[in-house]
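Heads up, the thing below is written out as structure tokens.
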Amino acid sequence: MFLDRTGRRCLGAVDATGRAALLGVQSVVLFFVRGFSLPRLVERIYEIGVRTTPLILLVGLFTGMVLGLQGYYTLVRFGSEGLLGPAVALTLIRELGPVLTAIMVVGQAGSAMAAELGIQRNSEQIDALEIMGIETRAFLIGPRLVAALICFPILTAFFDIIGILGGYVTGVTILGLQHGVYWSNLIDAVQWSDVRGGFIKSLVFGFLVILICCFQGYFTHLQKRYFGARGVSYSATQAVVISCVVILAADYLITSFLI
Amino acid sequence: MDGDNVITIEGVRKAFGGERVLQGVDLRVPRGRVTTVLGKSGAGKSVLMKCVAGLVCPDAGKITVNGEVFGPGRSRIPPKLSYMFQNNALLDGMTAYENVALPLLERTRLRRREVRRRVGELFARLDLEGVDEKYPSQLSGGMQKRVALARSLAMDPEIILFDEPTTGLDPLRKVSVFNMIERYQRQFGFTAVLVSHDLPDSLFISDKVAVLDGGRIGFEGAPVDLQAARPEIRATFLQSVEDLRNEVVGLPRAVENEVTAPRLELRFEAAGARRHGESGASPNLRAALVIRAFRRALPHGWRLAAAGPWAVAAVGAEGDEAEPAAVAEAVAAVCRETVASRPVWTASARLHANPGTPAELTFDIPFSEYSHEQAED
Ligand SMILES: Nc1ncnc2c1ncn2[C@@H]1O[C@H](COP(=O)(O)OP(=O)(O)O)[C@@H](O)[C@H]1O
Ligand SMILES: [Mg+2]
């Protein structure tokens with residue numbers, strides 16, 4: 001009984017993963033082949049990138065400041081507070097930047113995306129597009145995925161930079177570390193490979209979470225648990241939950257490959 | 001004759017889980033005509049429409065659209081087909097203009113200026129001037145319907161499926177939607193398939209009626225023949241009329257015991273209608289136009305009511321002092337005038353004042369002998 005249900009769930013998850021992967025690839029390919037539209041892409045870049053920037057900057061700043069604070073009091077016990085710059089920068093560039101950026105974008109743009117697509121599905125707007133002969137994956141999902149690939153690395157870079165500045169504010173301005181020590185150690189310690197790793201993560205996370213959000217919304221009518229408005233809100237919540245889990249799992253996988 | 005059927009549905013079945021919704025539907029839709037599908041709510045009318053539109057994939061059976069077969073298996077949307085959804089399904093993030101322009105911009109290579117001109121033309125024809133920049137939620141229900149119709153018409157479709165275009169509208173809007181469909185169907189010449197339970201209004205614009213009952217088409221034929229259909233089909237049909245009565249926003253039924261108020265009843269004589277049904281000319285359009293004239297001629301305070309599939313009644317204001325005979329005379333005059341100015345009438349109609357009372361008066365509307373075809377030539 002238990003095994004039966006677990007097995008069914010696993011099969012369901014594998015099935016959904018396959019369909020989501022197919023949806024992602026088809027959407028991007030169809031977007032470029034059948035329905036490329038610069039205005040639509042720009043609109044999605046605005047939605048995913050521009051509108052989330054203030055939030056990313058705010059969260060990045062506080063994350064950096066907290067890292068500065070915690071890092072300083074840990075390092076000072078070992079007499080190595082001079083390494084605060086590298087500690088903050090590497091934590092941000094390699095881990096927290098990509099992960100927190102992705103989670104923040106899911107919270108701000110991803111859940112809205114799932115809800116929007118879910119409502120469009122339930123109110124037959126997606127069917128209406130199909131009737132007009134418009135390829136809905138290329139029209140609705142493709143531009144969002146491409147926009148995610150463009151925006152996530154940039155947002156992550158914003159997050160990292162403002163976070164490093166936040167660490168500087170705590171370490172140097174508040175706690176009295178030397179200006180030069182913070183920067184020179186930081187510049188020495190951060191390798192090009194660290195940046196590349198963070199960049200890869202941001203690309204993967206961006207594609208995955210926006211795909212998950214689009215998948216949940218686009219196929220909201222196929223889930224059997226809730227219908228109508230409840231169904232849409234369930235899909236939006238699921239999109240956020242699954243995205244967060246997938247971000248952390250993918251983070252672990254990518255990190256273990258990169259190290 | 002079969003070559004003139006633009007849609008042929010043969011043995012279409014569809015089940016959702018264990019629920020068998022369509023159990024072998026056969027239906028032929030004549031080209032360039034209005035076909036209405038009637039049926040109780042939940043009978044599967046929308047599912048049938050969606051099967052034709054390629055949005056739902058039938059489990060078995062064959063659907064031929066314009067000679068092309070769309071069988072079970074992977075569903076596909078037939079070209080040159082539009083679907084007007086029950087809830088309009090306008091894209092709510094786009095303005096009315098963008099909604100209508102979208103298919104033209106996406107599916108054709110027309111220049112923006114040409115698109116703007118075409119959409120403007122459609123809007124002008126559908127009395128939609130000045131709504132370009134409004135979002136669907138800022139429009140009234142009737143306007144949304146017209147924007148949806150404009151969007152359906154934008155690509156010059158050969159077939160338009162209307163799923164309950166009037167449900168949830170107030171009586172005046174209903175009439176205007178039916179007028180609109182009838183007018184543009186004549187103007188553009190597309191094939192219309194209508195799902196409706198607005199009787200008798202929908203019948204006045206229909207050339208053909210099909211009743212969907214128990215997962216099958218139980219009746220297929222001209223509207224006037226409905227009365228001669230099998231008892232259970234007639235029951236379905238009457239049930240739809242009941243539904244109409246129960247609908248809060250529907251036309252009120254003529255109240256039989258409203259003896260104090262004067263009453264007029266416009267009856268279409270089935271014999272005359274059938275005669276011309278056989279000759280190929282549909283009487284329904286004419287009926288619709290006479291009803292409109294009838295409506296317009298009524299004095300202030302009178303309300304219109306359904307009185308059966310082939311009759312409409314108008315009930316005077318309570319305690320109306322107007323002389324019923326004089327009102328009837330005036331109304332009959334307007335109806336006659338309408339008939340005379342558009343010599344395409346072939347059905348016959350008779351106006352009864354105070355029907356069923358000793359004071360009953362009868363006015364015949366002398367329809368012209370021109371047939372539809374002759375007038376078109
Ligand atoms: N996507 C669907 N999934 C499951 N059942 C459905 C679906 N669409 C319609 N049905 C069922 O099919 C039946 C007919 O529905 P419908 O065609 O919408 O009726 P109507 O004749 O009022 O338009 C209903 O009982 C409904 O429950
Ligand atoms: Mg329906």
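Please read all numbers here as calculations on a predicted model, not as lab measurements.
- Salt bridge status for A:Glu47 with A:Arg44: present, with a side-chain N to carboxylate O gap under 4.0 Å.
- With a threshold of 4.5 angstrom between heavy atoms, B:Asn88 does not approach chain A through any atom at all.
- For chain A, the nearby part of B:Ile77 is the side chain; its heavy atoms alone come within less than 4.5 Å.
- For A:Leu129, the part sitting under 4.5 Å from any heavy atom of chain B is the side chain, from C-beta outward, and nothing else.
- One finds no salt bridge joining B:Arg111 and B:Glu114 here, because no Lys/Arg side-chain nitrogen approaches an Asp/Glu carboxylate oxygen to under 4.0 Å.
- A salt bridge links B:Arg76 with B:Glu68; the closest basic N to acidic carboxylate O contact falls under 4.0 Å.
- Between B:Lys14 and B:Asp59 there is a salt bridge, with a side-chain nitrogen of the basic residue lying less than 4.0 Å from a carboxylate oxygen of the acidic one.
- At a 4.5 Å heavy-atom cutoff, the contact between B:Leu55 and chain A is made by side-chain atoms alone.
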